[in-house]
Visitor: 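Below you will find the structure I want to go over with you.
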Amino acid sequence: MARMSRFYITTPIFYVNGDPHLGTAYAAINADAFARWHRLLGDEVLFLTGTDEHGLKIQQSADEHGISPQAWVDQTASRFMSAWQELAISFDDFIRTTQDRHHRTVQKFLTAIYENGYIEKGYYIGLYCVACEAYYEESELLDGNRCPIHERPVSEMSEENYFFKLSAFTEKLIELYESGKIKVAPEFRVNEVLGFLRQGLKDISITRTSISWGVQVPWDEQHVFYVWYDALINYLTAISYGDDEARFAKWWPAVHHLLGKDIIRFHAVWWPAMCLAAGIDPPSQLLVSGWLLVDGAKMSKSSENQIDPLSVVRELSADALRYYLLASTSFGSDGDVSLDRLRASYNADLANDLGNLVSRTVALIVQKLGGMTPPTPVRDERINPLIDILLEGVAAWNEFRPNAALGAAMGMVRFSNSLLEEYEPWRRPAEDAGSIWCLGTIREALRLAAALLSPAIPNASSGVLSRLGWQELGPLEWSAGGEVRELVRAQPLFPRLAKEGR
RNA sequence: GGCGGCGUAGCUCAGUAGGUAAGAGCACACGGCUCAUAAUCGUGGGGUCGUCGGUUCGAGUCCGACCGCCGCUACCA
């Protein structure tokens, strides 16, 4: 069952122009769960996340706060890091695009593209709104070529830029997606990408002279790279591109990029094209998540419908938030969440079903067996339902379907609760064989359920194990026998939340 | 306009390749149990599966039209 392989997973690097919010937490939690699952399988895992710290907006924010851009990003990046710590995000590396290692990688990578002839100097000519400090496409403008925000006429401006010859990769990219060489989950996103590709690609400008907060173009000091162009390359920085060929080859191109559907084009078009231009393979898989809606509404900074991830952690726990998000959304689709349902899910699934099952199981072992754990029974047909559910859960994690995996874990929990009702150990003598079988079965079922749950609720999962006398998760399969441990009763794993408004 | 997604019990959602009388969780009602975090177990009520039409012995599940919501259709990160 163990399969030793490698698993490289990335999150988008987060733009540090504000605090982490539910959307960014959702991305980090999904990626973290997948990383933890693969560690559990025994894979060698590299889980990368980080922050995107360049660009005009950052420069502006720093100016507004009257500090240097570097001081500004130092502050915001550290807020992300501590938030991820609170949310139990088990990243192996946290990249910041202002780090030297990243600057070096960007320069090497883009020099390779330059030398391969895919970057050329040109003029960007566009319709520019001075007030917005941004270019617009004609299709975006109001009648009379007016800026949609300021309603003032835009003016034609041109800027000397370096251009990436994205157009050269149209056919190649179409082929990569049609042949499945680059996998995309969920699959319907491929259509979006192909639809975009089939209208043909235009070259894009990738440098700016108007700002200085970025990675300098090595062959022309007047320019810095446009922020997206530098940001994507973080995926290579972390694996020593251009620096340690063996390490690079170890992790590339078998990477899984997790991203939100809003940034699919950058990852599905620009990024693979950049890789091809630089002479390396494109990434192998894109995992595209949907958006979270809060009470049916799109999240926005101003509205009061926000769920602040860290305040949920404070009220309940990181596990409670992680469980709810992973269990109640279908990866790849938009998901509707609410604080009320989060609390309901905490009580129903975690406190009542799982936590209480642990309590009553331990209590019965203490009362009836003097705390001595019963052995895990040998498999027979009574156990098959548990095994079937377990296998479903394993398959679900492997297929990036956390909600199904967690549903399976809860199925094992419910099955165990009903087993307890069936055997009623509390009304049988201590030495009753059925009781002992039942308790041994449930204890093992809880170990396996904890395994399925651990990518989502790592802290509570180890709480389940320790309460039941398991030293570690152990193999992902029914394991008869086992050493005897002495159990003692402990605090509830998930204290029940009092109902509101009564 | 083009491409795509969604519309299934009060709520959030599953429904594989069309087939025993349409599912889960939550919520609700009734019953059981008392080991357990007033937890748990069982049973039940509740749905014209967006609308209309078609293919088929048979369609939530395939085809067509329509209605509603949403996404993409390039330089905003």
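In the text below, chain A, chain B and the rest are named by the order of the sequence lines, each starting its count at 1. What you see is a predicted model, and the numbers here were worked out from it, not measured in a lab.
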Visitor: List the atom pairs, donor and acceptor, that lie under 3.5 Å between side-chain atoms in residues 323-331 of chain A and the rest of the protein, sequence neighbours left out.
Guide:
unit_1: A:Tyr323; atom_1: OH; unit_2: A:Asp349; atom_2: OD2; d: 2.7
unit_1: A:Tyr324; atom_1: OH; unit_2: A:Ser338; atom_2: N; d: 3.2
unit_1: A:Ser328; atom_1: OG; unit_2: A:Tyr324; atom_2: O; d: 2.6
unit_1: A:Thr329; atom_1: OG1; unit_2: A:Tyr26; atom_2: OH; d: 2.9
unit_1: A:Thr329; atom_1: OG1; unit_2: A:Leu325; atom_2: O; d: 2.7

Visitor: So what does A:Ile263 hit on the nucleic acid, given a heavy-atom distance under 4.0 Å: a base, only sugar-phosphate, or nothing?
Guide: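 Since no nucleic acid heavy atom lies under 4.0 Å of A:Ile263, the category is nothing.
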Visitor: Does OP1 or OP2 of B:rA39 have a side-chain N or O of A:Arg496 closer than 4.0 Å?
Guide: yes
Visitor: Please verify the inter-ring angle class for A:Tyr114 with A:Tyr162; under 30° counts as parallel, over 60° as perpendicular, anything in between as tilted.
Guide: perpendicular
Visitor: Would you say the side-chain atoms of A:Asn356 and A:Arg496 include a donor-acceptor pair closer than 3.5 Å?
Guide: no
Visitor: Are A:Leu339 and A:Val312 packed together at the side-chain level, in the sense that at least one heavy-atom pair is separated by less than 4.5 angstrom?
Guide: yes
Visitor: Check every atom of B:rG5, B:rC75, B:rG25 against the side chain of A:Arg208 and return the nucleotide holding the closest atom.
Guide: B:rC75
Visitor: Counting side-chain heavy atoms from CB outward, which of B:rG4, B:rU34, B:rA74 is closest to A:Gln199?
Guide: B:rA74
Visitor: When you compare B:rG58 with B:rG19, how far apart are their P atoms, in angstrom units rounded to a whole number?
Guide: 15 Å
Visitor: Distances for protein N/O vs nucleotides 12-18 of chain B N/O pairs under 3.5 angstrom?
Guide:
unit_1: B:rC13; atom_1: OP1; unit_2: A:Asp336; atom_2: N; d: 3.4

Visitor: Could you work out which one of B:rA77, B:rG32, B:rA74 sits closest to the side chain of A:Glu421?
Guide: B:rG32
Visitor: The side chain of A:Leu364 lies closest to which of these nucleotides: B:rG5, B:rC35, B:rC75?
Guide: B:rC35
Visitor: Check whether any side-chain N or O of A:Arg489 sits under 4.0 Å from OP1 or OP2 of B:rA36, and answer yes or no.
Guide: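 Looking at the OP1 and OP2 atoms of B:rA36, one of them is under 4.0 Å from a side-chain N or O of A:Arg489.
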